[in-house]
Amino acid sequence: MSDPLQSFRLDGKVAIITGASSGIGEQTAKLFSSVGATVVAAARRADRLEKLSAETTNVVACACDVTSDADCENLVQTTLEQFGRIDVLVNNAGISDPIAAIDEDLEEFRRVIQVDLISCFYLAQLSAKIMKEQDSGGSIINVASIHGFVGSAPNNQPGYSAAKGGLVNLTRELALEWARFGIRVNALAPGYVATELTDEMIAGDSGRKWIERNTPLRRPAAVHELNGAMLLLASDAGSYITGETIAVDGGWLAR
Ligand code: NAD
């Protein structure tokens, strides 16, 4: 039997990762680079991307605000011009709206839906148009959340929960529509992960204790604990997985 770990490698593959300037996106850029991929790291904070690019093999920076249609188009076009293909798209950029639904401004709700759902759709569509012309298709990974399956209150995030729920079912829809093009579309549903998004919550006593109380493994995840699922979905090791959302949540959704 040939080495089964070989199928997890991404040699020669080209991957776009959004929100790569910190947290899960930055970790994923380093992960993909370490198994042979060329990575186009996209985010708004160009200085952070340049640092990541300077420190990591085969990672190039592309400034991109995913709420700008023109930036999304530029990201996909630049990747194609520079590397000739797109094998993996990780829709990871995301924001939350920590506010009670009764008090939320409609503009804030719209903003979260735009970043966490609409931009993911547009980048998936732009990438799929390239992937469908390739012999080897492609893999799209949407970073959703446990709050795509269950509400987040009392850690209120109405727009976030709505967007992530939409992203989970969009994942199923795109998987069905694009299977015939050899494009797999899957999602990850992390539980609480220690990143800039959760900094304040985890640093505060009550927030951290709430996470510990509600997570069967009794702690938030470290960012590297998403590596296994991310690589499975991105690589040929996951070649028969599509339309699926994999929870990496310390048991949250099993309760
Ligand atoms: P993070 O804040 O470190 O990363 C989010 C990234 O998205 C940042 O790089 C940010 O700059 C980028 N971003 C935000 N708006 C953007 C925009 N308009 N254009 C381009 N980039 C933009 O937090 P993270 O935890 O690494 O979050 C990554 C993803 O994981 C998000 O989609 C988040 O919802 C999801 N997630 C996180 C957790 C958690 O507990 N940390 C849990 C479940 C899901």
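Values reported hereafter were calculated over all heavy atoms of this structure, with side chains retained and with hydrogens, waters and symmetry mates removed. For ligands, and for the atoms within them, numbers begin at 1 and follow the listed sequence.
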I'd like to know if D47 pairs up with K51 as an ion pair, taking the criterion as any Lys NZ or Arg NE/NH1/NH2 lying under 4.0 Å from an Asp or Glu carboxylate oxygen. no
For atom 32 (O) of ligand 1, grab the closest protein heavy atom and report residue, atom and distance to one decimal in Å. N92 O, 2.8 Å
Residue-level breakdown please: for P220 versus ligand 1, do any non-hydrogen atoms fall below 4.0 Å on the side chain, on the backbone, on both, or on neither? neither
Can you tell me if CZ on R180 sees more than 12 non-hydrogen neighbours from other groups inside 6.0 Å? no
Flag S145 as yes when one of its N or O atoms lies below 3.5 Å from any N or O atom of ligand 1, and as no otherwise. no
Show your reasoning for whether salt bridge (Lys or Arg N to Asp or Glu O under 4.0 Å) applies to R172 and E177. CA-CA 9 Å; R172 296 186 185 109; E177 291 199 23; over 6 Å; no
If you measure every N or O of A43 against every N or O of ligand 1, does any of those distances drop under 3.5 Å? no
Starting from atom 26 (O) of ligand 1, which protein heavy atom do you reach first, and at what distance in Å? I24 N, 2.8 Å
Give the residue, atom name and distance (to 0.1 Å) of the protein heavy atom nearest atom 40 (O) of ligand 1. V193 N, 2.7 Å
Are D87 and R85 ion-paired here, with the side-chain N under 4.0 Å from a carboxylate O? yes
protein heavy-atom neighbour closest to atom 12 (C) of ligand 1 works out as G19 CA, 3.7 Å
If the test is side-chain contact (heavy atoms from CB on, under 4.5 Å), which one of V76, V14, I183 qualifies with I130? V76
Nearest protein heavy atom with distance in Å, relative to atom 9 (O) of ligand 1: S21 OG, 2.8 Å
Quick one: look at L197 and ligand 1, take heavy-atom pairs under 4.0 Å, and tell me if it's side chain, backbone, both or neither. both
Report the part of H147 (side chain from C-beta onward, or backbone N, CA, C, O) that has a heavy atom under 4.0 Å from ligand 1; answer both or neither where that applies. neither
Apply the side chain to side chain donor-acceptor pair (under 3.5 Å) test between N142 and each candidate in N91, T245, D116, N92; give the one that qualifies. N91
Distance filter under 4.0 Å to S22 heavy atoms, resulting ligand 1 atoms: 1 (P), 3 (O), 4 (O), 8 (C), 9 (O)
Going by the order shown, which atoms of ligand 1 are within less than 4.0 Å of some heavy atom of D65? 17 (C), 18 (N), 19 (N)
Is the backbone of A93 close enough, under 3.5 Å, to the side chain of T18 for a donor and an acceptor to pair up by distance? yes
Carboxylate-amine/guanidinium contact R45 E196, below 4.0 Å: yes
Check whether the ring centres of Y192 and W210 lie less than 6.0 Å apart, and answer yes or no. yes
Selected option - heavy-atom contact closest to atom 44 (C) of ligand 1, from G94, A194, A144: A144
Ligand 1 and Y192, any nitrogen or oxygen pair closer than 3.5 angstrom? no
May I ask you to decide whether R111 forms a salt bridge with E107, counting only side-chain N to carboxylate O separations under 4.0 Å? no
Would you mind running through ligand 1 and noting each atom that sits below 4.0 Å from a heavy atom of T67? 18 (N)
Quick one: does G191 get a heavy atom under 4.0 Å from ligand 1? yes
Audit row: Q27, L226, side chain to side chain contact (heavy atoms under 4.5 Å, CB included) steps and yes/no: CA-CA 9 Å; Q27 173 71 21; L226 296 174; over 6 Å; no
If the cut-off is 4.0 Å to any non-hydrogen atom of C64, which atoms of ligand 1 fall inside it? 19 (N), 20 (C)
Could you check M131 against I140 for side chain to side chain contact (heavy atoms under 4.5 Å, CB included), going step by step and ending with a plain yes or no? CA-CA 10 Å; M131 290 172 173; I140 296 173; 4.0 Å; yes
Check: V185 main-chain N/O paired with T242 side-chain donor or acceptor under 3.5 Å: yes
Please indicate whether any nitrogen or oxygen in P190 is less than 3.5 Å from any nitrogen or oxygen in ligand 1. no
For V40 and T78, what are the C-alpha separation, side-chain angles and deciding distance, and is it a side chain to side chain contact (heavy atoms under 4.5 Å, CB included)? CA-CA 9 Å; V40 179; T78 303; over 6 Å; no
Protein heavy-atom partner closest to atom 35 (C) of ligand 1 - residue, atom, separation in Å: V143 CG1, 3.7 Å
Can you report which non-hydrogen protein atom sits closest to atom 34 (O) of ligand 1, along with the distance? Y160 OH, 2.7 Å
Taking E244 for its side chain and I241 for its backbone only, find out whether a donor-acceptor pair lies under 3.5 Å. no
Of all the atoms in ligand 1, which lie at a distance below 4.0 Å from a heavy atom belonging to T198? 39 (C), 40 (O), 41 (N)
Shortest reach to atom 16 (C) of ligand 1 by a heavy atom, considering only E26, R44, R48: R44
Is it the case that the side chain of S119 and the backbone of V66 share a donor-acceptor pair, with hydrogens and angles ignored and the cut-off at 3.5 Å? yes
I95 neighbourhood, listing ligand 1 atoms whose heavy-atom distance to it stays under 4.0 Å: 14 (C), 15 (N)
Go through ligand 1 atom by atom and flag the ones less than 4.0 Å from a non-hydrogen atom of A93. 7 (O), 13 (N), 21 (N), 22 (C), 32 (O)
Ligand 1 atoms nearer than 4.0 angstrom to some heavy atom of G23 are 3 (O), 26 (O)
Answer side chain, backbone, both or neither: which part of R45 comes under 4.0 Å from ligand 1, heavy atoms only. side chain
Could you tell me the residue and atom name of the protein heavy atom closest to atom 25 (O) of ligand 1, and the distance to it rounded to 0.1 Å? T195 OG1, 2.6 Å
